[in-house]
Amino acid sequence: MMQGKVALEEHVVLPTLSAPGAVGSAAGAFEADYFADVRRRLTDASLRLEDMDRFGIETMVLSLSQPGVQGMAEPAQAVESARRLNDDLAEIVARHPRRFEGFAALPMQDPAAAGDELARAVTQLGFKGALVNGFSNLGNAETVQYLDEPAVWEFWERAAALEVPVYLHPRDPLITQRRIYEGYPALVGSAWGFGVETATHALRLIMSGLFDRFPGLTIVLGHLGEGLPFLLPRVEHRLRHVPQDLRGRQASPMMSYLRRNFFITTSGAFRTAALLDTLLEVGADRVLFSVDYPYENMQEQSEWFDGLPVSDGDLQKMGRDNARRLLRLD
């Protein structure tokens with residue numbers, strides 16, 4: 001077993017945020033005992049620490065389960081809630097120093113306030129960056145804002161200056177965009193819809209020219225990059241036949257941004273062939289171990305990772321060293 005692993009996509013639900021929605025709209029597709037166990041482990045730090053000790057995980061970066069603050073339609077509520085939730089998370093982290101770190105929840109409905117809250121969370125609370133659950137609602141359930149849109153760029157300027165990563169985490173697609181899932185509701189959430197939603201969101205970030213303006217920005221994607229290491233070469237290949245004004249404002253090949261501006265975690269994905277493809281596409285320096293706890297099992301994820309057919313050096317990079325460098329862990 002590899003010791004000292006660092007895990008980055010590890011979720012909590014805090015008392016000051018009601019639990020509905022935290023486990024995803026497709027929860028009914030899971031067996032009741034699984035769902036009950038997930039709810040228990042979202043709030044029980046002792047169970048989390050026991051499993052960490054059993055499976056060689058030294059540090060977990062905790063973040064609010066989806067949709068979190070992104071699901072709050074009123075900007076003022078999102079701003080106030082994010083501050084309170086980050087204070088609550090900081091108390092949990094402080095009770096277990098060196099075992100837990102934090103990713104801030106951010107009120108992206110108000111980009112200026114989100115930048116202020118990120119700065120406060122990093123400089124005052126000691127958080128290592130932020131986790132944003134996809135698009136943010138604005139005013140109602142079907143009016144939303146994506147992270148590449150012009151209003152959000154003032155936030156990205158603050159994030160670039162702070163030099164901390166932003167984890168782009170999935171959430172369920174909009175209700176009005178679920179026609180294709182009718183009759184198969186279990187596909188809406190983590191089984192499929194999460195990946196489609198988040199991979200498309202990442203493409204929007206690349207094609208907007210965001211990383212040309214802020215080349216130092218770092219985005220983290222879970223679930224082995226939501227399929228992008230495999231799919232993005234095809235996207236790039238086909239876009240060469242599309243008029244320039246329709247294929248985005250990025251200045252460099254799309255794969256170059258995936259290799260330069262993104263880190264990819266193993267959260268919830270334990271397929272060796274897919275991991276090896278990811279390594280071929282982006283290299284071991286851009287891959288990070290994660291579990292997706294408590295939706296995934298620490299034992300299953302850790303035993304798979306520890307047995308990967310890669311060199312000891314690459315396993316150490318992915319399991320520990322890359323994360324410690326990215327998060328500036330002591």
>> Tell me which one of D44, D37, T43 satisfies side chain to side chain donor-acceptor pair (under 3.5 Å) with R40.
In response: D37
> P170 versus E226: any side-chain heavy-atom pair under 4.5 Å?
Replying inline: yes
> Just by distance, with hydrogens left out, do Y295 and S65 show a side-chain donor and acceptor under 3.5 Å apart?
Replying inline: yes
> To the nearest 0.5 Å, how far apart are CD in E163 and CG in L217?
Replying inline: 10.5 Å
> Is it true that D53 and R99 have a side-chain N and a carboxylate O under 4.0 angstrom from each other?
Replying inline: yes
> Would you call D87-R120 a salt bridge at under 4.0 Å N-O?
Replying inline: yes
> After noting the C-alpha distance and the side-chain angles of E10 and R48, does the key distance pass the salt bridge (charged side-chain N to carboxylate O under 4.0 Å, His left out) rule?
Replying inline: CA-CA 10 Å; E10 320 306 332; R48 188 183 301 257; 5.6 Å; no
> Side chains of R171 and N137: is there a donor and an acceptor less than 3.5 Å apart?
Replying inline: yes
> Once you round to the nearest 0.5 Å, how far does CG of L187 lie from CZ of R178?
Replying inline: 12.0 Å
>> So does P215 get a backbone contact from the side chain of N261, meaning a donor-acceptor N/O pair under 3.5 Å?
In response: yes
> Which residues satisfy the ring pair (Phe, Tyr, Trp, His ring centres under 6.0 Å) test with F270, sequence neighbours excluded?
Replying inline: none
>> Between W304 and T272, is there a side-chain donor-acceptor contact under 3.5 Å, judged purely by atom types and distance?
In response: yes
> How is the hydrophobic cluster of L138 composed, in terms of its other members, when Ile, Leu, Val, Met, Phe, Trp and Tyr link through side-chain heavy atoms under 4.5 Å apart, directly or indirectly?
Replying inline: none
> Are any of the side-chain heavy atoms of P165 and F263 separated by less than 4.5 Å?
Replying inline: no
> Under 3.5 Å, side chain of S256 to main-chain N/O of S252, donor-acceptor pair present?
Replying inline: no
> When hydrophobic residues are tied together by side-chain contacts of less than 4.5 Å, even through go-betweens, does L327 share a cluster with F127?
Replying inline: no
>> Restricting to non-hydrogen atoms, name the atom on R247 and the atom on L239 that form the minimum distance, rounded to 0.1 Å.
In response: NE-O, 3.4 Å
> Does a donor on one side chain and an acceptor on the other come within less than 3.5 Å for S136 and Q145?
Replying inline: no
> Within a reach of under 6.0 Å around CZ of R271, are more than 12 heavy atoms found that belong to other residues, nucleotides or ligands?
Replying inline: no
> Is D306 salt-bridged to K5, cutoff N-O under 4.0 Å?
Replying inline: yes
>> One thing to verify: whether R158 and D116 come together as a salt bridge, which I'm taking to mean a side-chain N less than 4.0 angstrom from a carboxylate O.
In response: yes
>> Has Y293 got a side-chain atom pairing as donor or acceptor with M60's backbone, closer than 3.5 angstrom?
In response: no
> Does W192 reach the side chain of Y184, with side-chain heavy atoms less than 4.5 Å apart?
Replying inline: no
>> Under a 4.0 Å threshold between the charged nitrogen and the carboxylate oxygen, would R41 count as salt-bridged to D51?
In response: yes
> Nearest heavy-atom pair of L106 and A130: which atoms, and what distance?
Replying inline: CD1-CB, 3.4 Å
> With distance as the sole criterion, is a donor-acceptor pair present between the side chains of H223 and E9 under 3.5 Å?
Replying inline: yes
> Mind checking what makes ring pair (Phe, Tyr, Trp, His ring centres under 6.0 Å) contact with F289, not counting sequence neighbours?
Replying inline: F305
>> I want to check something: taking the side chain as every heavy atom from C-beta on, are P173 and Y181 in contact at a cut-off of under 4.5 Å?
In response: yes
>> Taking R320 first and then E58, would you say they form a salt bridge - that is, a charged N and a carboxylate O separated by under 4.0 Å?
In response: yes
>> Is it true that, when you exclude N140 itself, more than 12 heavy atoms of the residues, nucleotides or ligands shown sit nearer than 6.0 Å to its CG?
In response: yes
>> Side chains of R286 and F262, heavy atoms from C-beta outward: is any pair under 4.5 Å?
In response: no
> Would you say the side-chain atoms of Q66 and H169 include a donor-acceptor pair closer than 3.5 Å?
Replying inline: no
> Any idea which heavy atoms bring A105 and V69 closest together, and the distance?
Replying inline: CB-CG2, 3.9 Å
> Judged by atom type as modelled, is there a donor-acceptor pair below 3.5 Å linking the side chain of T198 to the main-chain atoms of F194?
Replying inline: yes
